[in-house]
Structures are given as structure tokens and as C-alpha cells.
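Everything on this sheet refers to the single structure shown next.
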There are 2 protein chains.
Amino acid sequence: MVETTDATRRRTRLTRDAVLRRAVAIADEHGVEALTMRRLAEELGVEAMSLYHHVRGKDGILDGALELVLDEMLDAVSRLEPPDLADPRDWQPAVRARILAARTVMLRHRWTPQVMEARNAMTLSAARHVDGIVALMRAGGFSWDLVHHGLHALGSRVHGFTQELGEPEGGDAEAEAVLAQIAPHIPHLVAMFSEVAHDEPGSTLGWCDDQTEFEFGLDLVLDGLERLARQG
Amino acid sequence: MVETTDATRRRTRLTRDAVLRRAVAIADEHGVEALTMRRLAEELGVEAMSLYHHVRGKDGILDGALELVLDEMLDAVSRLEPPDLADPRDWQPAVRARILAARTVMLRHRWTPQVMEARNAMTLSAARHVDGIVALMRAGGFSWDLVHHGLHALGSRVHGFTQELGEPEGGDAEAEAVLAQIAPHIPHLVAMFSEVAHDEPGSTLGWCDDQTEFEFGLDLVLDGLERLARQG
DNA sequence: TGCTTCTACCTTACAACGTAAGCCTTACGT
DNA sequence: ACGTAAGGCTTACGTTGTAAGGTAGAAGCA
């Protein structure tokens, strides 16, 4: 019993940052519902209650994990080369680039929309990200009022996502049966499906390209704002 | 002990519909996190496990409650007087009216966004609602492709909501302290706040009118779609 | 009629969750 | 050297969803 030192000092000390990083990793890989105190502790080689020395509780972990993602977003956005803004219209591609950069981060952490809705966190990084967009809008000649409305119009798009319609997703057999059941009641949707589908190579259903659709909606909003900014 | 008949037959038989209605009521009044099997059962004067004879489980209750709300939405939309659509541009006010009608329903059940995101349900009523919007877009001269992109651009707005930014909400003292902390890092946002705020009568923070902002964003998207439809 | 089967309730029990309370060891300041 | 605090562990509790099985009465059938 002399080697206690070696046996007890089993790993490096736990830190708030390590806890949150692991939390993000778990949510990324197994979904946010798999993120439990016990599992998180276990993956860190520790008991659940030990986490409470570094974090306010489950809510604190959710907030902290979200904060990490938002930091990552701000970081990705900050790496973009600064726009020159010679023309007032240059605000638009600049904002577009920032939002798409934020989106690439969000795509690595698909649980963020869900969590952001449940707890509405106000983070420094998130605020700074929005602040940068506000600055660009101002440089584009927006009135403060238009900036304000514009932010609301963008909504969650500033963070790289939009509430997706629950369109049929995977080739679930049961879901397809349900669709067949209700198809008679939604003739226009069915027409759209059959019309747009056969342009694509793939299957009947998984034909919505998220990125394309996101950019389409984003540009629609940005174009509308640009028009309003120009006409005063 | 002869009056067993009267004492045992304590209420009308339980039904799936009654269960779901009560579920909606609880979520409306106390938030979706207060909706537990035991509480729901208790309010129905019954034991928790009895609910399983009428409903697939907690998930089934969530889905069912959501379905009830979506039915209500379709109902509200259907009550609108049908548009005449003399001019192709008439699609726009018609779609606008439908979406705002859906929104009034959603405002009575504020938990729906959260639940719709967690479980992405595909409901007949939801599909029919969207189907009606598709029909109007077609009447407005939309190509199928534009209809499709347009639906994605509208996103959750078709159901009367948008992912809200976590802007500072109630006059929470702690939140205000946090804001003061980070204010130096977000000069443009602070400027916007101070600029737009003093037009309003109320406090410094609660100055975003949800309905106004929702309609602004909605019209931005609709105007953009209208322009695209006209130019082919 | 009597027997069976089904339905809609109840009872009990369990595993998993977040977390309150408290103990034990280690490290460090004085 | 000793107090003290940090950071780990153990135990335990209340709440959650739900699996398993019991039971009384209605319904079907002989």
C-alpha cells in the first residue's frame, strides 16, 4: 500500500472548461438528451456530484455549453477578413458572410437551436456577434429603427439557423405510410413534391438542401433590407 | 356500503380527447415543463397509468397536444373569408392574413415552438395549412421552385412564430447587471437601444413589440417573394 | 344462464434523473 | 505545525416516465 500516490492521483484536476467541453462533445455526438450529470461525470472519470464544484448545476452546464458554442461562432466570424465598405451596399455581402460563418459553427452543434429556445441565454459572444452586424448595417446607411427591425426580421438566422418545418426527413417507412394517408388532402403540396423532386438525383423525399434553402431565405431578407435602406 | 354505485362511478369515462385537452390546458397555464403524467392524471381524477390506455405515453401526449393546436390553427385559418384573387398580386395579403391568423392561435399556446422543435411532428392540419398557402402562391404565379424556396424562407413563420433572439426580457435586476458588464463591448447595440428606446413610453428594456416585429419580418419575406414571382 | 374475454381502471415497483447534505483527503498559507 | 478550504466521494431523497401485473365490470357467446 505504498503506491497510493500513483493510484489515487488518477488524472489531471477537473476544471470548469474541461467539464463544458465534454458536455459539448456529448451533445454533439449523442444529442442533448444524452447529456446527463452522471454520464458527463463518468466520461470525465469522476462522480456526478463533483461537477457541482465547477458548475452551477445542470442549467449551468447547458448555459456554459451554449456559451462555448457562441464563443466559437464569434471566433469564426472574427477570422473573416474585414470588409472595405467602399460602397454603402457592401454591408450586405459582409453580413451575409458573417451569418454563414456562424452557420458553419452551428452545423457542428446541431443541438444549439433547441437549447437556445429552452433557456434564452444572453451571452457576451452572442451580443458581440450581433453588435458587429449592427455596425455593418449602420455603415450601410440603416436608420436605427431599420437596424432594429432588421435584427428582428433576421431572427435566429443571425445564429445560423432557422426553425425548420417538420418536413418528411429520413426514409422512414411509417412516415411514408402516414404521408400516403393524408396525401389526398394536400394536393398542392403533393404537386410541388412531384414537380421539384425529379430534378434531383436522389430519393423522393430527402431533396431539400438545407444550405441552399437557408441562403435563399437569408438573401431574401437581406435584399429586402437593402431596398428599405436605400429608399430611406 | 350500499351506495357503492354512486361512490365508484365518480365521473364520466376518460377519453383520448379529454386527456389531450387537459394537457394543452396545463401547458398553456403552467408551461410545458409542468405537464407531467402524474399531474395530468390527477387533474383528470385518475391515476397516471390509466392514461396509457388512451395515449402512447408522454411523447404521445406531446404529439397529441401539438396536434390539437395545429387543428385549432387550421380552423382559425379556414374561417377567413376566401380571397377573390382577381389580381395575381392578391396572393400576398391572403397569405399574410392566414399566417397572422395562425399566429393568434399560437399566442394562446406559447409552448408550441419549443415542442415543435423537440419533436418534429408532421400533422394533417399543419400540412393542410401549408397546402393552402402553396395554393395561394401558385395563384400568384409562383413557379414550383419558387413555392418551394418560399416555404423554406418563411420557415416557422407559417405557424405564426419565429425563433426570438434572447433579448433582455423582464426587468430582471441580475440581467441588467450583466448587461452593464458587457455594455462596453457592444457599443453599436447600446447605441441602438438608447436611440430606439426613448421613443417609447415604457421602460428601458421591454420596448420590442412582438407583433410589430413579426409582421415586419413577415412582410419583408412576402415582399421579396412577390418581387421574385413577378420577375419570373 | 353461465363462462370467457376484453376494457379501463388501479397498485406496485423500478430505473434514471437532478441535487441536497455531509464526509474524507490533500494542499497550502501562516 | 496546524487550521482551513478546495475538490473529490458517498449516501440519500424526491420526481420523473413507465413496465408488469392485478381487478371489477361490461360485452360477447354458449
Anything under 30° is parallel, anything over 60° is perpendicular, the rest tilted; go ahead and classify H159(A) against F161(A).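 Parallel, since the angle between the ring planes stays under 30°.
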Between R39(A) and E43(A), does any side-chain N to carboxylate O distance fall below 4.0 Å?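 The answer is yes: the pair qualifies as a salt bridge.
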Does D219(A) come within less than 4.0 Å of R96(A), counting only side-chain N to carboxylate O? yes
For [X] and [N], give me the distance from atom [atom1] to atom [atom2], rounded to whole Å.
X	N	atom1	atom2	value
L44(B)	dA8(C)	CG	C1'	14 Å
R13(A)	dA27(C)	CZ	P	9 Å
E42(B)	dT16(D)	CD	P	11 Å
E47(A)	dA20(C)	CD	C1'	16 Å
D63(A)	dG18(C)	CG	C1'	15 Å
L40(A)	dC17(C)	CG	P	12 Å
L14(A)	dC9(D)	CG	C1'	13 Å

Residue matched to [N] through Watson-Crick or wobble contacts both under 3.5 angstrom:
N	answer
dT30(C)	dA1(D)
dA30(D)	none
dT1(C)	none

Short N/O separations, protein against nucleotides 17-20 of chain D, under 3.5 angstrom:
| from | atom 1 | to | atom 2 | distance (Å) |
| --- | --- | --- | --- | --- |
| dG17(D) | OP1 | K58(B) | NZ | 2.7 |
| dG17(D) | OP2 | M37(B) | N | 3.0 |
| dG17(D) | N7 | R38(B) | NH1 | 2.8 |
| dG17(D) | O6 | R38(B) | NH2 | 3.0 |
| dT18(D) | OP2 | Y52(B) | OH | 2.7 |
| dT18(D) | OP2 | K58(B) | N | 2.8 |
| dT18(D) | O5' | Y52(B) | OH | 3.2 |
| dT18(D) | O4 | R38(B) | NH2 | 3.3 |

Between D131(A), V147(A), V95(A), which is the residue that forms a side-chain contact (heavy atoms from CB on, under 4.5 Å) with L136(A)?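 Exactly one option meets the side-chain contact (heavy atoms from CB on, under 4.5 Å) with L136(A), and it is V95(A).
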Those residues at least two apart in sequence (or on a different chain) that pass side chain to side chain contact (heavy atoms under 4.5 Å, CB included) with R110(B) are L107(B), D210(B)
Might you point out which heavy atoms bring A191(A) and S194(A) nearest each other, and give the distance in Å?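 Heavy atoms of A191(A) and S194(A) come nearest at O-OG, 3.0 Å.
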Heavy-atom pair with the smallest gap, counting every atom of H54(B) and L14(B):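 Residues H54(B) and L14(B), closest heavy atoms: CE1-O, 3.2 Å.
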Side-chain N or O of S50(B) less than 4.0 angstrom from OP1 or OP2 on dA8(C)? no
Just N and O in the side chain of H53(A): are any of them under 4.0 Å from OP1 or OP2 of dC9(D)?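 Checking H53(A) against dC9(D): no side-chain N or O falls below 4.0 Å of OP1 or OP2.
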